[in-house]
Amino acid sequence: MTRALNAIIIGLAVVVFAPELPAQSISFTNAVELFQRHQWAEAAAAFAECERSDPGRTDALLYRGKSLINLGQFDSAASALQTYWEAHSNSDDAVYLLAYVRFRENKPEESLRLFTDAAKLRTPTADDLKVVALDYVLLADYDDAAHYLEVALSMDPANVEARYHLGRVRYQQNRFDLAIAAFQDVLRRNPVNVKAQDNLGLSLDAENKTDQAIAAYQKAIALDAAATVHTEQPYLNLGILLARSNRVDEAIPLLVRASDIRPKSGKVHYELGKAYFSLNHLEDARREAEQAVDLEPGDRPGHYLLGRIYQRLGKTELAGQQFRRTEEMIRDSDAKPSGGMGPE
């Protein structure tokens, strides 16, 4: 894909609005009322019934698709939107929504093709271009991702999500000064943004500004503690930095907290196992490394760490198995191209 693309859909969150439609069936009107009350499951079922009773004569499939998107049921949403688009080829709403669904399904090439089609029907908004940029992130094309985010911000300078994602892209490009500036701008506009505060810490850490990075992570942790929904990231990132700085005793409580928040994270268990290993707490290290490998069997460092732990515990055969597995994964990785990172 090139920058000839001029398209795209709604932002990361689906925009809910009341349909401005001519008078239609009573059942359709009732379904719209459910939609407006954000009763997504009931609305999706009601719109499906509308379509069955009056096929092709209302926008039921379009609004069923929107309801299913809000439920995160992207496969079913795509089916409804595709059918609607086939019957209403001039519906820019349907094409943009379908393109958004393909993005959420991690199908960036198809998503971008649909956004190109959508651009022929309607000029993209800043939020549209933000999702185009995130398709390019999925393709690890950070130059095009940055381009579309910058265009989006020229259209809507107050778009905090676009600026946050620009910071993430600049971080991936190793342009850490620009990443820091982007995250600081997000925080000026939204001082309680935990993700931006945490990513500010990551960017400062990448520039070896250790004290500033620690302070940024600590502020992110304070913001997270006051939030209703928690994220493990600032605890994990500060724990990693402290462990790397030979402050492992301080790192472990943070990593334990990260594990409490996200117990199914192989990365968290790996870092906690590595910290315990550095203190020679071998049974704790073994427990965490085994969990890490169970959760992420394709993670090479996890297997290597587990092999070292087994080796120190005198479990020679188990250690050999892990080291052989590590060597196999190295050979496999040499034969495979690396992929892009998804948006965080």
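Below, all heavy atoms of this structure are taken into account, side chains as well, without hydrogens, waters or symmetry copies. Numbering starts at 1 and runs along the sequence shown. Predicted model, so just to flag it, every value in this text is computed and none were measured.
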* Evaluate the criterion side chain to side chain contact (heavy atoms under 4.5 Å, CB included) for residue pair Gln311 and Thr316; output intermediate values, then yes/no. => CA-CA 6 Å; Gln311 187 177 55; Thr316 307; over 6 Å; no
Just list the side-chain donor-acceptor pairs under 3.5 Å for residues 294-302, sequence neighbours left out, or say none.
| from | atom 1 | to | atom 2 | distance (Å) |
| --- | --- | --- | --- | --- |
| Glu296 | OE2 | Gly266 | N | 3.4 |
| Glu296 | OE2 | Lys267 | N | 3.4 |
| Asp299 | OD2 | Gly302 | N | 3.1 |
| Arg300 | NH1 | Ser333 | OG | 3.2 |

* **Asp117/Arg113 salt bridge by N-O under 4.0 Å criterion** => no
* Asked: Counting only N and O atoms by type, is there a donor-acceptor contact under 3.5 Å from the side chain of Ser79 to the main-chain atoms of Asp75?
  -> no
* Crowding at CD, Glu317 (>12 non-hydrogen neighbours, <6.0 Å) -> no
* Look at the rings of Trp40 and Phe35 and say which category their plane angle falls in: under 30° parallel, 30 to 60° tilted, over 60° perpendicular. => perpendicular
* Kindly indicate, with the supporting measurements, whether the criterion side chain to side chain contact (heavy atoms under 4.5 Å, CB included) is fulfilled by Lys66 and Phe47. => CA-CA 10 Å; Lys66 293 181 181 185; Phe47 285 124; over 6 Å; no
* Within a strict 4.5 Å, meaning less than it, do heavy atoms of the Glu290 and Val293 side chains meet? -> no
* **Audit row: Leu129, Leu149, side chain to side chain contact (heavy atoms under 4.5 Å, CB included) steps and yes/no** => CA-CA 7 Å; Leu129 294 176; Leu149 288 167; over 6 Å; no
* Charged N to carboxylate O below 4.0 Å: is that the case for Glu271 and Lys274? -> yes
* Asked: Looking just at side-chain N and O atoms, do Asp260 and Tyr235 make a donor-acceptor pair shorter than 3.5 Å?
  -> no
* Run the side chain to side chain contact (heavy atoms under 4.5 Å, CB included) check on Asp143 and His147 step by step: do they pass? -> CA-CA 6 Å; Asp143 290 341; His147 166 74; over 6 Å; no
* **Tyr142 ring center near Tyr136 ring center (under 6.0 Å)** => no
* Are any of the side-chain heavy atoms of Ile214 and Arg247 separated by less than 4.5 Å? -> yes
* Point-to-point distance, once rounded to the nearest 0.5 Å, from OG1 of Thr58 to OH of Tyr84 -> 8.5 Å
* Within 6.0 angstrom of Asn246 CG, more than 12 heavy atoms from elsewhere -> no
* Asked: Does some side-chain heavy atom of Leu112 sit less than 4.5 Å from a side-chain heavy atom of Val132?
  -> yes
* What distance do Leu272 atom CG and Ser259 atom OG have between them, rounded to the nearest 0.5 Å? -> 6.5 Å
* Asked: Can you check whether Phe183 reaches Asn193 side chain to side chain, under 4.5 Å on heavy atoms?
  -> no
* Check whether any side-chain heavy atom of Glu51 lies under 4.5 Å from a side-chain heavy atom of Tyr63, and answer yes or no. => no
* Structure fact -> Contacts of Arg308 meeting salt bridge (Lys or Arg N to Asp or Glu O under 4.0 Å) (sequence neighbours excluded), chain-then-number -> none
* Is Lys195 salt-bridged to Asp198, going by a charged N under 4.0 Å from an acidic O? -> no
Could you go through residues 201-210 and list every donor-acceptor pair under 3.5 Å that involves a side-chain atom there, pairing it with any protein atom two or more places apart or in another chain?
| from | atom 1 | to | atom 2 | distance (Å) |
| --- | --- | --- | --- | --- |
| Ser203 | OG | Asn199 | O | 3.0 |
| Asp205 | OD1 | Arg244 | NH2 | 2.6 |
| Asp205 | OD2 | Arg244 | NH2 | 3.2 |
| Glu207 | OE1 | Lys209 | NZ | 3.0 |

* List in chain and number order the residues that pass salt bridge (Lys or Arg N to Asp or Glu O under 4.0 Å) with Arg175, two or more places apart in sequence or in another chain; answer none if no residue qualifies. => none
* Close side-chain approach of Trp85 to Leu114, heavy-atom, < 4.5 Å -> yes
* Spacing of Leu254 atom CG and Arg257 atom CZ [to the nearest 0.5 Å] -> 10.5 Å
* If you measure from the Lys or Arg side-chain nitrogens to the Asp or Glu carboxylate oxygens, is any gap between Glu283 and Arg286 under 4.0 Å? -> yes
* To do: For the residue pair Phe28 and Asp59, establish whether any side-chain heavy-atom pair is separated by less than 4.5 Å.
  => yes
* To do: Take Arg170 and Gln173, measure what side-chain hydrogen bond (donor to acceptor under 3.5 Å, both in side chains) needs, and give me the verdict at the end.
  => CA-CA 5 Å; Arg170 294 308 189 195; Gln173 293 176 312; 2.7 Å; yes
* Over-ring placement of Arg104 relative to Phe74, 6.0 Å and 45° cut-offs -> no
* For Leu279, side-chain contact (heavy atoms from CB on, under 4.5 Å) partners two or more places apart -> Val248, Asp249, Ile252, His281
* Drop me the distance from Asp332's CG to Arg325's CZ, to the nearest 0.5 angstrom. => 6.5 Å
* **Partners passing ring-ring contact (aromatic ring centres under 6.0 Å, His included) against Phe323 (at least two apart in sequence or in another chain)** => Tyr304
* Linking I/L/V/M/F/W/Y whenever their side-chain heavy atoms sit closer than 4.5 Å, directly or via other members, would Ile221 and Leu236 fall into one cluster? -> no
* Measure the shortest side-chain to side-chain distance between Glu105 and Val101 over non-hydrogen atoms and say whether it is less than 4.5 angstrom. => yes
